[in-house]
**Student:** 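One structure is given below, represented as structure tokens, and several questions about it will come after.
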There are 2 protein chains.
Amino acid sequence: MDDAVPSTPATGRTPRKPRQATVERRQEILRAAANTFGSKGYKTGSLAEVAEQVGITHAGVLHHFGSKEQLLIEVLEYRDKEDVENLEGKHIPGGLELFRHLERTVRANAHRRGIVQGYSVLTGESVTENHPARGWVRNRFTILRGEIAGAVMEVGEGRVPESLAALAASAIIGVMDGLQVQWLLDDSVDLPESTAFAIEAILAAAVAGSPRPYPLD
Amino acid sequence: MDDAVPSTPATGRTPRKPRQATVERRQEILRAAANTFGSKGYKTGSLAEVAEQVGITHAGVLHHFGSKEQLLIEVLEYRDKEDVENLEGKHIPGGLELFRHLERTVRANAHRRGIVQGYSVLTGESVTENHPARGWVRNRFTILRGEIAGAVMEVGEGRVPESLAALAASAIIGVMDGLQVQWLLDDSVDLPESTAFAIEAILAAAVAGSPRPYPLD
DNA sequence: ACGGACTTACTGACAAGTTAGTAAGTCGTG
DNA sequence: CACGACTTACTAACTTGTCAGTAAGTCCGT
């Protein structure tokens, strides 16, 4: 086990700060890995394929990240960091603003198939046994649900109970993810329109209250 | 290439009908494969693991199915056939009946985690490059969308345009699939309630017509 | 400003494991 | 007794990870 950047090896030596070229290289690798894992999945995407994209050997990749699993973890962290930077300043919105933001995002995603596929593949794979991204995906869902449920309650101005907001929040996330998969498999699915329609419908139903317009049971 | 059951080997011999024990054996293998592919995914689930479950070697499995990909295909066909048998007589319903049926199914699925995981894993994996189940999944979505869109229009009694029904149909399927994934990762998601709530909301919005209660753009 | 001491970023070869698929032979049964 | 259902034995291709070696960079004392 030798670490490229971090902690003291074993002797009491100081790690020395990484130079500029190194952090750029590592980012190149992270982007390549995101690309490979996104199209082939984590388990079937190989280190060799990642390495090839940046013109080194798979051993070179391992030099930087130590293991394939560690590479995945850093890919996920990198993505989180990027997301945060994209929202720099423009703090994550609440209330109706949040739903507008979601719709804009979906509309943008319709032109970034690679990103969408990467997300869908990883999410799907995460429900397999002992998948290393499981915790990350699960956590991401939890946070998202919280934010959306909060926004639903804001829009409902206190008349929407928390439990109902929770139902609506998970449904909204579900419809977004589920539609992405259908769209990836079949272009005839209108991703942005269908998503927007469903979000509005769910939001409206939540705000209108629990009484069901169509008794289904 | 030698086939277990079908075509003539090379000599002009007649294929001979398979004995009872054989077809049962093949079904055992199919169930085992569905199990393995469902929990580990197709690509990472191994023939050896499938074989072990029925007490033979991986070569034995290949004797019956010829290749791993063929095994997957027959698993999918087997599932289709089972689904059809489950609806024996009780032809697939339309109109409001269909939505009641969907809700019952989801409620039942909440007690059949294995089945749900199998479906989710395979669906997610199918969006990866050149996945052998891609066509099957895509086709399944197409058929489902058609059925649901038809039911939406029935409920709308001719007042719902086809394009709107299509949006609603893909959204309903999306929310069902997306919620399953969230539920698999986190039990705190109320799968049946959230699904039912969203279906009703989307259906109501579709029937109420296109004018959006909350202008989001 | 220079030269040794040390680190970093790799490569190429290899280890050790897993994989699907093949070929040949064995055995029981209809 | 022939054939179907296997097993055993094996191959070829990949997999991740380790290791030693090397070229290039950085740091520091003089």
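So that the names make sense, note that chain A is the first sequence line, chain B the second, and so on, each numbered from 1.
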**Student:** Taking CD1 from B/Ile29 and P from D/dA5, how many angstroms apart are they, rounded to a whole number?
**Tutor:**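 Roughly 10 Å, once rounded to whole Å.
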
**Student:** Under 4.0 Å between a Lys/Arg side-chain N and an Asp/Glu carboxylate O for A/Glu85 and A/Lys81?
**Tutor:** no

**Student:** Once you round it to whole Å, what is the distance between C1' of D/dC14 and NZ of A/Lys68?
**Tutor:** 11 Å

**Student:** Work out which heavy atom in A/Ala169 is nearest to a heavy atom in A/Arg145; give both atom names and the distance.
**Tutor:**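 What the structure gives for the nearest pair is CB-O, 3.6 Å.
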
**Student:** Tell me, which of residues 39-58 of chain A have any heavy atom that sits under 4.0 Å from an atom in DNA chain C?
**Tutor:** A/Gly55, A/Ile56, A/Thr57

**Student:** Is B/Glu82 paired with B/Arg79 through a side-chain N to carboxylate O contact shorter than 4.0 Å?
**Tutor:** no

**Student:** Among residues at least two apart in sequence or on other chains, which ones pass side chain to side chain donor-acceptor pair (under 3.5 Å) with B/Arg113?
**Tutor:** B/Asp187

**Student:** From CZ of B/Phe65 over to P of C/dA20, roughly how many Å is that when rounded to an integer?
**Tutor:** 15 Å

**Student:** Closest approach of B/Val152 and B/Ala206, non-hydrogen atoms and distance?
**Tutor:**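 Nearest pair, atom of B/Val152 first, then B/Ala206: CG1-CB, 4.1 Å.
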
**Student:** Between D/dT7, C/dT11, C/dA9, which nucleotide has the shortest distance from any of its atoms to the side chain of A/Ala59?
**Tutor:** C/dT11

**Student:** When the axes are fitted on five pairs at both termini, how much does the helix from C/dA1-D/dT30 to C/dG30-D/dC1 curve, in 10° steps?
**Tutor:**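 Axis angle across the helix from C/dA1-D/dT30 to C/dG30-D/dC1, nearest 10°: 10°.
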
**Student:** Tell me the interatomic distance from A/Glu69, atom CD, to D/dG17, atom P, rounded to whole angstroms.
**Tutor:** 9 Å

**Student:** Is it the case that the side chain of A/Thr128 and the backbone of B/Lys40 share a donor-acceptor pair, with hydrogens and angles ignored and the cut-off at 3.5 Å?
**Tutor:** no

**Student:** Just the rounded figure in Å: distance from P of C/dT8 to CG of A/Leu62.
**Tutor:**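 To the nearest whole Å, that distance equals 17 Å.
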
**Student:** What's the shortest heavy-atom distance between A/Gly95 and A/Glu154, and which atoms?
**Tutor:**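 A/Gly95 and A/Glu154 have their closest heavy atoms at N-OE2, 3.3 Å.
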
**Student:** Please check: side-chain N/O of A/Ser126 versus main-chain N/O of A/Thr123, any donor-acceptor pairing under 3.5 Å?
**Tutor:**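 It does hold such a pair.
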
**Student:** Hey, does the side chain of A/His63 come within less than 4.0 Å of C/dC10's phosphate (OP1/OP2), counting only N and O?
**Tutor:** no

**Student:** Cation over ring, A/Arg31 on A/Tyr78, under 6.0 Å and within 45°?
**Tutor:**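 No cation-pi geometry.
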
**Student:** For C/dC10, does either OP1 or OP2 sit under 4.0 Å from a side-chain N or O belonging to A/Arg25?
**Tutor:** yes

**Student:** In this structure, how many angstroms lie between the P atom of D/dT18 and the CD atom of A/Gln70, rounded?
**Tutor:** 13 Å

